Number of protein chains: 2
Amino acid sequence: MNDAEATAATPPAGGARDGTVRELLKSSGIAPTAQRVEIARFLFHRAQHLSAEQLLAGIDAAGGRVSKATVYNTLGLFVRHGLLREVLIDPERVFYDSNTARHHHLYNADTGELSDISTDDVAVQGLPALPDSVELEGIDLVIRVRNRQRD
Amino acid sequence: MNDAEATAATPPAGGARDGTVRELLKSSGIAPTAQRVEIARFLFHRAQHLSAEQLLAGIDAAGGRVSKATVYNTLGLFVRHGLLREVLIDPERVFYDSNTARHHHLYNADTGELSDISTDDVAVQGLPALPDSVELEGIDLVIRVRNRQRD
DNA sequence: TTAATTGCAAACATTTTGCAGGTTC
DNA sequence: GAACCTGCAAAATGTTTGCAATTAA
């Protein structure tokens, strides 16, 4: 029910905009089809957090024409290729973060507002030594807050 | 498809076991119905991470008789009363952590194994000053790893 | 006996899938 | 023209809800 909205903090990882998007995709080993370019343009224009539905609606509103299946396919593809980061904050839906630089999140459960926190401000201390059998995939830090006043 | 399994690290928050569960519920302002006691016994017997489905299956296997609706109702109730903590790690389903003491998580995306990390080992440094309008609800730190070797 | 709780089944929302038609190199 | 993509609609989850029957204080 909450509307998670992006609060840009740092520029998009790839720094890709407009025509450059095609290059970004190619250099990531992704065939730059019309739909993928459309989606990438929308996503990487600025750092933001979007659900699949929000993305689809946004592209629609911008006059784009991409099917739901392709949106899901493409989001998964971008995540696998490291262009996008999944953010699991709301059990109802997955959010996709077009800022892939290392950073953390501040989430207001009441407003649904999701904002970035730089690792300069908040850091994780004392990472455990990982067994040789595994490798670090990522560190997800979410600071959850809510508006003051009890139920 | 992964099976998230618990790796106990610290004893259950309430330290409740057997008959004491009834007291735990009462002192939390929860009417101790047969089903809730059943669920609480199962959950708080030890620190663990369970999905709703796993909980239901576990109770079933133990000879208990609780409906799916009641499982979901009760999990939500326990979370609202602070007896349980939601863990959002897998977009497919919510996990519930019966260890409500402050701690972090280590998640192996390949095996689905989820284990606790003490705040003595890994700590978050430099919490931002929060505006007066909000209060801290919690800090979720997940260290994601996967087995070595590429796709 | 009045309010709260349970269980069933149906309803929901998000995400995935099968497959026919298109596109690309 | 062979492999890959797209879009539609249907299917597959996990979770919630409506409501009648049951239980509890």
Side-chain angles (χ1 to χ4, degrees), chain A residues 1-4 21-23 25-26 28-42 49-60 63-81 83-84 86-96 112, chain B residues 1-4 21-23 25-42 49-60 63-81 83-84 86-96 112 114:
Chain A
M1 285 76 229
N2 280 328
D3 250 60
V21 167
R22 191 168 266 98
E23 292 308 319
L25 296 185
K26 278 196 216 163
S28 298
I30 297 174
T33 66
Q35 291 86 342
R36 289 172 181 171
V37 169
E38 180 96 48
I39 292 174
R41 281 218 178 102
F42 195 95
H49 311 103
L50 293 174
S51 67
E53 202 181 350
Q54 289 175 327
L55 173 59
L56 187 52
I59 290 177
D60 254 33
R65 227 156 303 291
V66 181
S67 76
K68 181 183 290 190
T70 297
V71 164
Y72 278 103
N73 282 342
T74 303
L75 286 172
L77 186 68
F78 285 5
V79 167
R80 283 196 302 284
H81 286 262
L83 265 44
L84 226 43
E86 276 185 333
V87 183
L88 306 180
I89 278 193
D90 180 341
E92 311 279 295
R93 80 206 86 246
V94 176
F95 284 94
Y96 295 88
Chain B
M1 282 76 230
N2 279 328
D3 250 57
V21 167
R22 191 167 266 98
E23 292 308 320
L25 296 185
K26 277 196 217 163
S27 71
S28 298
I30 298 175
T33 66
Q35 290 86 341
R36 288 170 181 172
V37 170
E38 180 96 50
I39 291 172
R41 281 217 178 106
F42 195 95
H49 311 103
L50 293 174
S51 67
E53 202 180 350
Q54 290 176 326
L55 173 59
L56 187 53
I59 289 177
D60 254 32
R65 228 157 304 290
V66 181
S67 74
K68 180 183 291 190
T70 297
V71 164
Y72 278 103
N73 282 342
T74 304
L75 286 172
L77 187 68
F78 285 4
V79 168
R80 284 196 302 283
H81 286 262
L83 265 44
L84 225 43
E86 277 184 334
V87 183
L88 306 180
I89 277 195
D90 181 339
E92 311 278 296
R93 77 206 91 248
V94 176
F95 285 94
Y96 295 87
L114 178 60

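Below, chain A is the first sequence line, B the second, and so on; all start at residue 1. Here the structure is a predicted model, which means the values were calculated and not measured.
- For the pair B:Glu53 CD and D:dT16 C1', the interatomic distance rounds to 16 Å; values are reported in whole Å.
- If you measure from atom CG of A:Leu75 to atom C1' of D:dT6, you get 15 Å, rounded to the nearest angstrom.
- Qualifying side chain to side chain donor-acceptor pair (under 3.5 Å) partners for B:Ser28, counting only residues two or more places apart in sequence or in other chains: none.
- Taking the side chain as every heavy atom from C-beta outward, B:Phe42 and B:Leu55 approach each other to under 4.5 Å.
- Looking at heavy atoms from C-beta onward, B:Leu77 lies in side-chain contact with B:Arg36 at the 4.5 angstrom threshold.
- Looking at B:Val87 and B:Val94, their side chains never come closer than 4.5 Å, going by heavy atoms from C-beta outward.
- Following rounding to the nearest Å, A:Leu56 (CG) and C:dA13 (P) show an atom-to-atom distance of 16 Å.
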Exercise for the section: Determine, for nucleotides 4-9 of chain C in 5'-to-3' order, which nucleotides have protein heavy atoms under 4.0 Å from the base (write B), from only the sugar-phosphate (write S), or from neither (write -). Expected result: -SSBB-

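- Listed pair B:Tyr72 / D:dT16 fails the phosphate criterion, with no side-chain N or O lying under 4.0 Å from OP1 or OP2.
- Take A:Pro32 and apply the side-chain contact (heavy atoms from CB on, under 4.5 Å) test, not counting sequence neighbours, and it matches A:Arg22, A:Leu25, A:Lys26, A:Val37.
- Residues forming a side-chain contact (heavy atoms from CB on, under 4.5 Å) with A:Ser51 (at least two apart in sequence, or on another chain): A:Glu53, A:Gln54, A:Arg93, A:Phe95.
- Qualifying side-chain contact (heavy atoms from CB on, under 4.5 Å) partners for B:Tyr72, counting only residues two or more places apart in sequence or in other chains: B:Ala52, B:Lys68.
- Atom P of nucleotide C:dT14 and atom CG of A:Leu88 are separated by 16 Å, given to the nearest angstrom.
- Each end of the helix from C:dT1-D:dA25 to C:dC25-D:dG1 gets its own axis from five base pairs, and the two axes differ in direction by 30°, given to 10 degrees.
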